[in-house]
Protein chains: 6
Amino acid sequence: MKEIAHLLFEAKILKEIPRSGYQFLGVGKESVAEHCFSTTFIGYVISQLESGVDALRLISMCLIHDLPEARIGDLNTVHKQYVAADESRALDDTVQGLAFGRNLKELINEYNEGKSREAKLAHDADQLALILELKDLMDIGYKPPNSWIENVIDRVKTETGRKIARAVMDTRRDDWWLKLNT
Amino acid sequence: MKEIAHLLFEAKILKEIPRSGYQFLGVGKESVAEHCFSTTFIGYVISQLESGVDALRLISMCLIHDLPEARIGDLNTVHKQYVAADESRALDDTVQGLAFGRNLKELINEYNEGKSREAKLAHDADQLALILELKDLMDIGYKPPNSWIENVIDRVKTETGRKIARAVMDTRRDDWWLKLNT
Amino acid sequence: MKEIAHLLFEAKILKEIPRSGYQFLGVGKESVAEHCFSTTFIGYVISQLESGVDALRLISMCLIHDLPEARIGDLNTVHKQYVAADESRALDDTVQGLAFGRNLKELINEYNEGKSREAKLAHDADQLALILELKDLMDIGYKPPNSWIENVIDRVKTETGRKIARAVMDTRRDDWWLKLNT
Amino acid sequence: MKEIAHLLFEAKILKEIPRSGYQFLGVGKESVAEHCFSTTFIGYVISQLESGVDALRLISMCLIHDLPEARIGDLNTVHKQYVAADESRALDDTVQGLAFGRNLKELINEYNEGKSREAKLAHDADQLALILELKDLMDIGYKPPNSWIENVIDRVKTETGRKIARAVMDTRRDDWWLKLNT
Amino acid sequence: MKEIAHLLFEAKILKEIPRSGYQFLGVGKESVAEHCFSTTFIGYVISQLESGVDALRLISMCLIHDLPEARIGDLNTVHKQYVAADESRALDDTVQGLAFGRNLKELINEYNEGKSREAKLAHDADQLALILELKDLMDIGYKPPNSWIENVIDRVKTETGRKIARAVMDTRRDDWWLKLNT
Amino acid sequence: MKEIAHLLFEAKILKEIPRSGYQFLGVGKESVAEHCFSTTFIGYVISQLESGVDALRLISMCLIHDLPEARIGDLNTVHKQYVAADESRALDDTVQGLAFGRNLKELINEYNEGKSREAKLAHDADQLALILELKDLMDIGYKPPNSWIENVIDRVKTETGRKIARAVMDTRRDDWWLKLNT
């Protein structure tokens with residue numbers, strides 16, 4: 001069970017790592033763990049909308065897609081132009097001695113390849129989590145998200161993903177509870 | 001799709017809510033969203049260790065078990081002695097107009113009832129997430145977790161849960177990466 | 001004196017509790033203790049403007065009006081639609097064994113009933129403290145306060161309260177020190 | 001009423017000013033407004049224990065004793081060895097055009113002179129607010145308060161103040177709610 | 001070497017001191033140490049643009065110009081109207097027993113006198129560091145910098161300084177990395 | 001001058017990047033800019049102790065040694081086992097179009113090669129900045145620095161550097177101002 005405890009402490013550090021994109025955006029703040037929660041929650045919602053999708057696979061992929069950041073850090077678009085991360089070796093060290101390590105590796109590989117339906121939807125969930133943040137910041141009055149948002153929306157590829165993106169853009173950040181008063 | 005956007009903005013607010021237990025503990029800090037990530041990740045790990053468990057049900061329960069806190073706030077043990085929350089009505093408002101609302105309600109109800117194997121394991125995941133935090137804080141040198149930890153460990157009920165709890169208590173917070181150097 | 005020390009540590013925790021309304025507003029940040037300071041300061045100012053008011057009663061009410069939040073947490077407008085707090089029992093536990101406990105309970109009861117002139121002014125001080133924050137955030141350029149401010153102003157009931165609200169809305173957040181240079 | 005609004009925005013900035021002593025202590029964090037809340041609350045408690053004291057005067061003095069820090073900043077013991085602040089002129093600018101400005105000045109002058117019974121008790125409330133913080137930090141496991149606490153206790157001069165100081169030192173930070181379970 | 005260690009711990013506390021101007025501005029946040037880094041970096045850049053300047057003198061002056069704030073605190077424009085700081089005595093205590101103390105004092109005196117070419121450029125670096133922050137905040141959408149920026153620009157006196165100020169005002173905060181994509 | 005403004009905004013982002021080592025340490029917090037200030041200040045102090053050293057070269061190297069982190073992020077010891085950063089290309093993009101770009105590149109190359117006396121001292125300044133932080137955290141009562149500090153001290157190579165390291169370890173974090181009272 002030693003390896004299980006190691007894995008949990010490793011995943012725990014995602015709470016301490018701030019997403020580095022916000023440093024460049026100039027506003028907003030989110031830990032990698034918070035981003036993973038959002039992505040996984042969106043993955044769950046998508047699994048409810050899509051018939052015939054392997055929900056467990058989709059949700060699990062969302063949950064662990066950023067686990068390698070515990071060893072690699074959170075690299076944003078600028079960083080990635082200069083930095084090459086050996087995610088595969090990082091993952092090998094993560095799962096060393098872990099009975100179900102192979103499952104974990106397979107899931108992340110499937111996500112990174114991005115070919116399966118579930119992987120495509122998980123990638124969209126990842127982008128939708130950012131769109132949600134950017135829309136929220138725009139509603140508050142910040143300018144920088146205006147020049148990012150179109151690029152992020154363009155990265156959403158599935159039909160369901162694009163429908164959700166459009167709905168988010170058409171909805172105010174506080175409509176969900178303001179409607180209580182009507 | 002309007003309802004989907006509402007639901008995503010509602011879940012998003014879990015990132016803004018700090019877990020109130022830490023105010024009483026005196027150290028540590030975690031958003032509800034970060035706690036949900038930890039719980040779900042532990043749920044995933046448990047699903048890999050337990051044969052015959054419905055992994056999708058277990059993981060989904062972990063993911064959404066604190067969703068009602070968006071409308072109710074994060075109530076700690078002291079608060080709960082004075083406050084009664086109508087979680088059911090909160091949930092009704094959350095899922096209003098949502099095609100898959102019934103699934104969401106069923107999952108949270110199953111979690112709250114705590115009878116199914118998956119619900120029992122999800123409850124343990126919830127407690128293990130806190131044990132992980134307390135052990136981490138103890139390793140750093142803080143005293144208050146010492147008088148909490150036994151109570152929290154006692155709340156872990158399943159055999160797998162208790163094995164993980166013991167492993168966490170026997171492991172230093174930084175062993176996972178310190179072993180790299182050996 | 002043990003009970004005195006307990007009471008002081010209890011009131012101290014108001015510094016650790018963030019006002020939950022700002023989580024929904026999307027901007028701003030304030031501990032309950034900071035809000036109590038603002039409310040009490042405004043109560044003092046009102047006591048200077050109102051002849052014939054019991055200043056000690058008014059100021060004391062402002063000071064302790066949120067003391068029950070130590071045991072109950074800070075519930076915002078959304079929370080209150082789902083949560084019922086037994087403030088009376090919380091207060092009983094707070095003052096247990098306290099020689100002047102009855103005075104404390106009477107003050108909070110008077111505040112909650114909101115009938116006496118002093119209670120009405122204390123309630124206005126509570127709202128004015130929020131108006132001051134919202135106006136400040138509006139001057140900085142944030143949008144969300146625009147859709148809240150009218151509702152909060154409407155909750156101010158006394159003539160003196162409404163005069164102050166108007167003056168705050170007509171004043172820029174930094175006029176108090178910018179006028180130094182003229 | 002313009003002057004009232006100016007005064008409220010001026011007092012509001014005490015929420016933004018961190019108490020500079022904690023920078024030297026190495027742990028802890030408190031805004032001046034939070035300190036003023038603590039001091040005033042302790043002043044209220046003292047007013048309940050002391051017969052024959054002018055409670056309104058005592059509480060009001062506690063409430064506004066740090067108002068000049070809005071224009072002067074929060075100077076700690078080290079700063080004060082090198083910095084001379086013209087608090088009187090700062091106060092003149094604060095109350096300029098204010099109908100009740102004289103009352104405000106008189107209160108702060110009485111506090112600074114420290115001769116009246118109420119002023120002596122207000123000074124003790126100021127120190128007790130710090131003792132409460134230091135004891136809390138000691139219970140958590142921090143070392144630096146150990147070398148400060150004796151000096152601060154020595155600054156408490158009244159009999160009631162010294163009784164409260166002793167009670168705080170004999171009480172654990174979480175006894176107030178831990179006793180709930182017995 | 002004891003004195004060296006004292007000096008390093010003293011300079012280290014500049015990381016804990018927030019620049020107090022931002023409390024009045026209402027947005028932004030910077031430690032004194034961060035400001036010193038910016039100022040020194042700008043000093044380095046100026047030393048590359050100005051022929052015949054003593055670069056070591058200029059850069060060193062930028063680096064240590066706020067060292068006295070360790071003992072005095074960070075006083076903003078409002079504070080300075082009421083507070084007189086004996087910077088010279090503070091500096092005497094800082095360099096007491098320090099072999100190279102005289103050099104340190106001379107540098108800060110030269111900076112404060114502001115007569116040498118290097119001192120004038122260091123003063124401009126100090127202002128440019130603030131202009132950079134204000135322009136950044138304006139690009140994000142905050143209003144308060146709009147009413148400060150002209151005053152700060154006016155404080156820049158050298159030709160090189162004014163050229164840089166103009167370039168900063170004509171450049172968007174994120175142009176430096178956005179141009180990567182072209 | 002456009003390139004100058006770009007460079008300043010690029011260096012400015014070092015204030016937004018937290019040093020990632022503290023995420024693994026579990027305590028402490030520092031921006032890259034704050035670390036650069038400390039390193040440069042220590043470089044200045046070393047330049048005063050070492051005769052015959054090129055002070056300008058030493059100090060400038062300390063100042064800019066982490067500039068590439070603006071494009072690459074702050075990689076800690078664990079990250080570096082998996083990540084390869086093309087610092088040279090990052091630097092090329094930083095200095096593109098910059099008249100004095102060659103000087104900047106040469107300085108960072110000299111630092112990275114670590115052969116010149118100035119480069120060796122700059123590396124020691126970099127480590128001493130961390131030793132200072134760790135010693136400070138140890139004095140406060142945190143445990144994790146105990147298992148890091150020896151490794152960091154071992155990385156200090158020059159005689160002057162080792163003398164300073166020893167002095168820091170023999171000095172309490174608050175001695176510099178506590179001695180005021182003797």
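Naming convention: chains lettered A, B, ... in sequence-line order (proteins, then strands); numbering from 1 in each chain.
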Can you list the residues of residues 21-33 of chain A that sit under 4.5 Å from chain B, counting heavy atoms only?
A/Glu30, A/Ser31, A/Ala33
With heavy-atom distances below 4.5 Å as the criterion, would you say the side chains of B/Tyr44 and A/Ile59 are in contact?
no
Residue pair B/Ile64 / A/Phe41, side-chain heavy-atom distance below 4.5 Å
yes
Where on [X] is there a heavy atom nearer than 4.5 Å to chain B: the side chain, the backbone, both, or neither?
| X | result |
| --- | --- |
| A/Leu63 | both |
| A/Leu107 | side chain |
| A/Leu104 | both |
| A/Ile4 | side chain |

Under 4.5 Å, heavy atom to heavy atom, which residues of [range] contact chain A?
| range | answer |
| --- | --- |
| residues 49-57 of chain B | B/Leu49, B/Ala55, B/Leu56 |
| residues 111-118 of chain B | none |
| residues 163-174 of chain B | B/Lys163, B/Ile164, B/Ala167, B/Val168, B/Asp170, B/Thr171, B/Arg172, B/Arg173 |

On a heavy-atom basis, the closest approach of A/Phe37 and B/Ala11 is CE2-O, 3.8 Å
Closest heavy-atom pair, B/His6 versus A/Trp176, reported as atoms and distance to 0.1 Å, is O-CB, 3.6 Å
Side chain / backbone / both / neither for B/Leu67 at chain A, heavy atoms under 4.5 Å
side chain
Given that the side chain runs from C-beta out, which part of B/Leu58 has a heavy atom under 4.5 Å from chain A: side chain, backbone, both or neither?
neither
Roughly how far, to the nearest 0.5 Å, is the NZ atom of A/Lys179 from the CG atom of B/Asp93?
8.0 Å
Value rounded to 0.5 Å, distance of CD in A/Glu16 from CG in B/Asp136
7.0 Å
Among B/His35, B/Met1, B/Glu10, which residue forms the greatest number of heavy-atom pairs with chain A at distances under 4.5 Å?
B/Glu10
Looking only at heavy atoms and a cut-off of under 4.5 Å, which of [options] has the most pairs with chain B?
| options | value |
| --- | --- |
| A/Glu133, A/Gln96, A/Lys12 | A/Lys12 |
| A/Leu132, A/Asp175, A/Val45, A/Ile42 | A/Leu132 |
| A/Glu3, A/Lys135, A/Arg71 | A/Arg71 |

